[in-house]
There are 2 protein chains.
Amino acid sequence: MINYRPIARVISILLVIVGGLMWTGVPFSAYFDEDLRPLLLAGLATIGLGALLYLVPFRRGIPIRKREGYLIVVLSWLAMIFAGMLPYLFSGIIPNVADALFETVSGMTTTGASVLTDIEIQPRGLLYWRSLTQWIGGMGIIVLTVAIFPLLGIGGIELFAAEAPGPTSDKLHPRISETAKRLWLIYVGLTVVLVGVLTLLGMSPYEAINHALTTMATGGFSTRNASAAAFSPAIQYALIAFMFLAGVNYTVLYLSLKRRWADVWKSEELKAYFSLVVFLTVIITIKVYHATGSQDLEQAFRDSLFQIVSLLTTTGFVSADYTSWTTSITLMCFVLLFLGACAGSTSGGIKVIRHLVFFKNSYLEFKRLIHPAAIVPLRLNQNIVPGRIITHVFNFLLLYLLIFVFGSVFLAMLGLDFMTSIGAMATCLGNVGPGIGEVGPVDNFAWLPGHIKVFLSFVMLIGRLEIFTVLVLFTPFFWRLN
Amino acid sequence: MINYRPIARVISILLVIVGGLMWTGVPFSAYFDEDLRPLLLAGLATIGLGALLYLVPFRRGIPIRKREGYLIVVLSWLAMIFAGMLPYLFSGIIPNVADALFETVSGMTTTGASVLTDIEIQPRGLLYWRSLTQWIGGMGIIVLTVAIFPLLGIGGIELFAAEAPGPTSDKLHPRISETAKRLWLIYVGLTVVLVGVLTLLGMSPYEAINHALTTMATGGFSTRNASAAAFSPAIQYALIAFMFLAGVNYTVLYLSLKRRWADVWKSEELKAYFSLVVFLTVIITIKVYHATGSQDLEQAFRDSLFQIVSLLTTTGFVSADYTSWTTSITLMCFVLLFLGACAGSTSGGIKVIRHLVFFKNSYLEFKRLIHPAAIVPLRLNQNIVPGRIITHVFNFLLLYLLIFVFGSVFLAMLGLDFMTSIGAMATCLGNVGPGIGEVGPVDNFAWLPGHIKVFLSFVMLIGRLEIFTVLVLFTPFFWRLN
Ligand SMILES: [K+]
Ligand SMILES: [K+]
């Protein structure tokens, strides 16, 4: 028997919070002289639903086990998504249910793919809500990766626990809620700082808030049709810096706030992430500089760095159309959709730590071939990674690629062309936003038929929840008694 | 210290054999009134080189260890390739060294990609040699997968040892040379039978011999520009049957010759391979039938089945242009380039058994998530697969995909378009032959610049030798003393 009572409790509290957050958009609607009712009513409905759910007399049951854990994660996300659709539907800016679903899933999963063809004509209050869905999603992801996934053993993310460098007593506070609160404080703090920075650099406070929310969530929704290309170089550099920060493991961010630099430096994932950015920027800057003869070097550097950090962190802001440079850059940027930034950040996709496990183990496999009798353990941050976790990480990587392949074939069968099929799957599964083909950096997802939007919404969700969390609900042993 | 003496011995014997096999083409040259000198001289040079190498006084050393094993495999293949280029260069039908290298590597690795734009105008004796390179390569692969790779522990291929069903005492003769001889007998026998079948169905004896050689090697070189499309439906069905057989594990073929059907039936890889063919044929026949309104059902079925078996077994014969149907079929056929047939056959690519390990383990990972305390072992043919081998198989799969991705980006950087880059890498790494883009089923590789041909030759070789075998030579610990 599954114990539905704690599941319902979590969801009802979440709904009340989400409803309350909807109301934070009302001042914007009021300031810009817009209709206040959509956000007011949507907030009211959401809080009402949460309260109603709280009153349902679920039987007291056994304590929470793994099954309840999975259901809490998936059903919470679904509840936030369905509530999040209400402002779009009530205001009528996205009247179609499939479209509203896609836009909200894209928000809550911090993907940033959009069905809005002209963003700038939309009511400001609702655009703020759109940005906020990503920030809420990012907050959810921090608690998931820090507190819930390690308990469930999902996707080898417990590796990231080993990511907290230093001796055990120095680790973050062991209590889940305490840890989550500390990391949320960093998340909120960085968002506030970014609002200040962007305002100082000349953005309007309204736009600064929106972009701060979607940057720290590595979400990528913008209030401009041109995305980050609409802003000055200084603002673009600020966004680069904060996108990069948003892609760092929050435990490491916490350690650096404590000025424990030696511990920060021990994080192999951080070093790999940083090196990747530097390495790719050098290569792509050179290629972009050569491909666009007239351009100055600073712009080639900034455009390359921006797109690389945006894609690596799976933010998906666009300051230049990477598909317009050369075939090889397009292909490289497509490959970037599969990398991701650090585990324990708000970024989506595969994440650097899993690639690190793969690269390290590949190297060691060769050693094992030559010395079959020797024991050659894989170490990460000076800890041995058990074989069990290596297998699980590899299985995650392969499952990720399998879903990408099957999904691409499925999209092609539904009529999309080759590039669009693989582009849409890669960007939705990795929660990035822009892809290649007809869903490239200067396109959007509005033109896709409704059933494809529903399918891609599902893909975004399984990508965000590290695949296993969602798919395990479809296995027979999940529902089998005992 | 590496003991070069046994390495040199093996290579010198191989060269003598390869030179002798070149001379088997002389009767064809004579029969068709062609210049006898290229094959005569190339054979003489090859045998001479082999004899010279035999005379070099290498020091007697320590017994053969793993290092010598790897060097024997890689250097033997290189020696056969360099000898195999001689007939093309001596005759001048492929005067360019990069082209001759590509054609010979494509032969010896049983890939079947070609730089000849018009095959039908070439001297028959040399085309026979071209077909024979594939047959020699196939023979080499049988001894590698049956005898050498399991000893070296390459690519989890030792799983295939567990593939010999039944109790240990029933296994094939344990002595390597005995086992190899028995399987070669099957290989030679099936080739002879196929020559007879094709002749009976109306092929000329010369073409029957050529196609029998390249079918059993899952090579795919044809004597016709139109490949298998040049022949009657009956011949195409015969080729389908023998391509399928050539994709079966030779140990299983041996068991079925012994009429031990119960043991044959236990092979999970065989069942998966067969099911894949049936499943894909049903789907693609329906899609082809709908896509080509005018066509009759029999042709849709035959075209689909032929292309599926040809791609799955990595033979690469073409009876219809699969890229001309629909986007989704093109994408599916592209995915087929990554499957392969059974381990222990002459087929290339990833092979069904590795996919089987992946699918089974994925299923079990979900079970392990729900029951973290339980021990959930992976079984294949009723034997438990050790975690060590699962990791190695997964590492192989990921390394294979990594090489595909890096190679594709590299080709795009060298100027190829997106589809051609991924098509060429997939088909060369998988030893298939036809790809997509500008190297599709009705194209060839002649137009590519020389340096790309050399690069793709290397890719074919690492694909054929299960990646680890070649790449281990580039690791520091291989050359480090002791
Ligand atoms: K994103
Ligand atoms: K082939």
Side-chain angles (χ1 to χ4, degrees), chain A residues 66-67 70 152-154 287 326-332 334-335 338 358-359 361-363 365-372 387-388 390-399 401-402 405-406 408-419 421-422 436 468-469 471-472 474-475 477-478 480, chain B residues 66-67 70 152-154 287 326-332 334-335 338 358-359 361-363 365-372 387-388 390-399 401-402 405-406 408-419 421-422 436 468-469 471-472 474-475 477-478 480:
Chain A
K66 289 213 155 192
R67 278 189 180 81
Y70 289 109
L152 296 177
I154 284 294
K287 287 197 71 76
T326 70
T327 299
S328 63
I329 299 179
T330 306
L331 190 45
M332 276 187 221
F334 177 69
V335 174
F338 292 87
F358 165 48
F359 275 89
N361 196 72
S362 299
Y363 181 78
E365 279 301 308
F366 286 106
K367 203 164 187 173
R368 293 181 189 126
L369 283 177
I370 301 292
H371 304 289
R388 172 77 200 75
I390 299 174
T391 309
H392 189 63
V393 168
F394 282 9
N395 211 132
F396 176 90
L397 286 164
L398 290 167
L399 207 54
L401 296 171
L402 184 79
V405 170
F406 275 16
S408 300
V409 171
F410 183 64
L411 288 179
M413 288 175 82
L414 294 178
L416 302 192
D417 68 55
F418 193 100
M419 301 280 268
S421 299
I422 64 176
I436 57 171
F468 285 103
T469 322
L471 295 190
V472 75
F474 295 92
T475 60
F477 17 85
F478 186 87
R480 211 171 283 156
Chain B
K66 288 212 156 196
R67 277 189 180 80
Y70 289 108
L152 295 177
I154 283 294
K287 287 195 73 74
T326 69
T327 299
S328 62
I329 298 178
T330 306
L331 190 45
M332 276 188 220
F334 177 68
V335 174
F338 292 87
F358 165 48
F359 275 89
N361 196 71
S362 299
Y363 181 79
E365 278 301 306
F366 285 106
K367 203 164 186 172
R368 292 180 189 127
L369 283 176
I370 300 293
H371 305 290
R388 173 79 201 75
I390 299 174
T391 309
H392 188 62
V393 168
F394 282 9
N395 211 130
F396 176 91
L397 286 164
L398 291 167
L399 208 55
L401 295 171
L402 186 79
V405 170
F406 276 15
S408 300
V409 172
F410 184 65
L411 288 178
M413 289 175 81
L414 294 178
L416 301 192
D417 69 54
F418 194 100
M419 301 280 269
S421 299
I422 62 176
I436 57 171
F468 286 102
T469 322
L471 295 189
V472 77
F474 295 91
T475 60
F477 16 86
F478 186 87
R480 208 171 285 156

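The chains referred to below are lettered A, B, ... by the order of the sequence lines, with proteins before strands, and numbering in each begins at 1.
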Which pair of non-hydrogen atoms, one from B/Thr391 and one from A/Thr391, has the smallest distance, and what is that distance?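 Looking at all heavy atoms of both residues, the closest pair is OG1-OG1, 3.3 Å.
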Please classify the contact between [X] and chain A as side chain, backbone, both or neither, with a heavy-atom cut-off of under 4.5 Å.
| X | result |
| --- | --- |
| B/Ser408 | both |
| B/Leu401 | side chain |
| B/Leu411 | neither |
| B/Thr475 | side chain |
| B/Val405 | side chain |
| B/Val472 | both |

Going from CZ on B/Phe468 to CG on A/Leu369, what distance comes out if it is rounded to the nearest 0.5 angstrom?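 It is 6.5 Å, given to the nearest 0.5 Å.
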If you count heavy-atom pairs within less than 4.5 Å of chain B, which of [options] leads?
| options | answer |
| --- | --- |
| A/Phe418, A/Phe366, A/Phe410 | A/Phe366 |
| A/Ser328, A/Gly415, A/Ser421 | A/Ser328 |
| A/Val335, A/Ile390, A/Asn361 | A/Asn361 |

Picking from [options], which has the most non-hydrogen pairs under 4.5 angstrom with chain A?
| options | answer |
| --- | --- |
| B/Thr327, B/Asp417, B/Thr330 | B/Thr327 |
| B/Met413, B/Lys287, B/Glu365 | B/Glu365 |
| B/Ile436, B/Thr326, B/Leu471 | B/Leu471 |

Among residues at least two apart in sequence or on other chains, which ones pass side-chain contact (heavy atoms from CB on, under 4.5 Å) with B/Phe358?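 Applying side-chain contact (heavy atoms from CB on, under 4.5 Å) to B/Phe358 gives A/Asn395, A/Leu398, A/Leu399, A/Leu402, B/Ser362, B/Phe394, B/Leu397.
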Given the rule in the side chain to side chain contact (heavy atoms under 4.5 Å, CB included) test, do A/Arg368 and B/Arg388 qualify, once you have shown the distances and angles that lead to the verdict? CA-CA 11 Å; A/Arg368 293 181 189 126; B/Arg388 173 79 201 75; 3.7 Å; yes
Toward chain B, the part of A/Val409 with a non-hydrogen atom under 4.5 Å: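 For A/Val409, backbone and side chain are both near chain B.
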Partners of B/Tyr363 by ring pair (Phe, Tyr, Trp, His ring centres under 6.0 Å), sequence neighbours excluded?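 Ring pair (Phe, Tyr, Trp, His ring centres under 6.0 Å) list for B/Tyr363, sorted by chain: A/Phe477.
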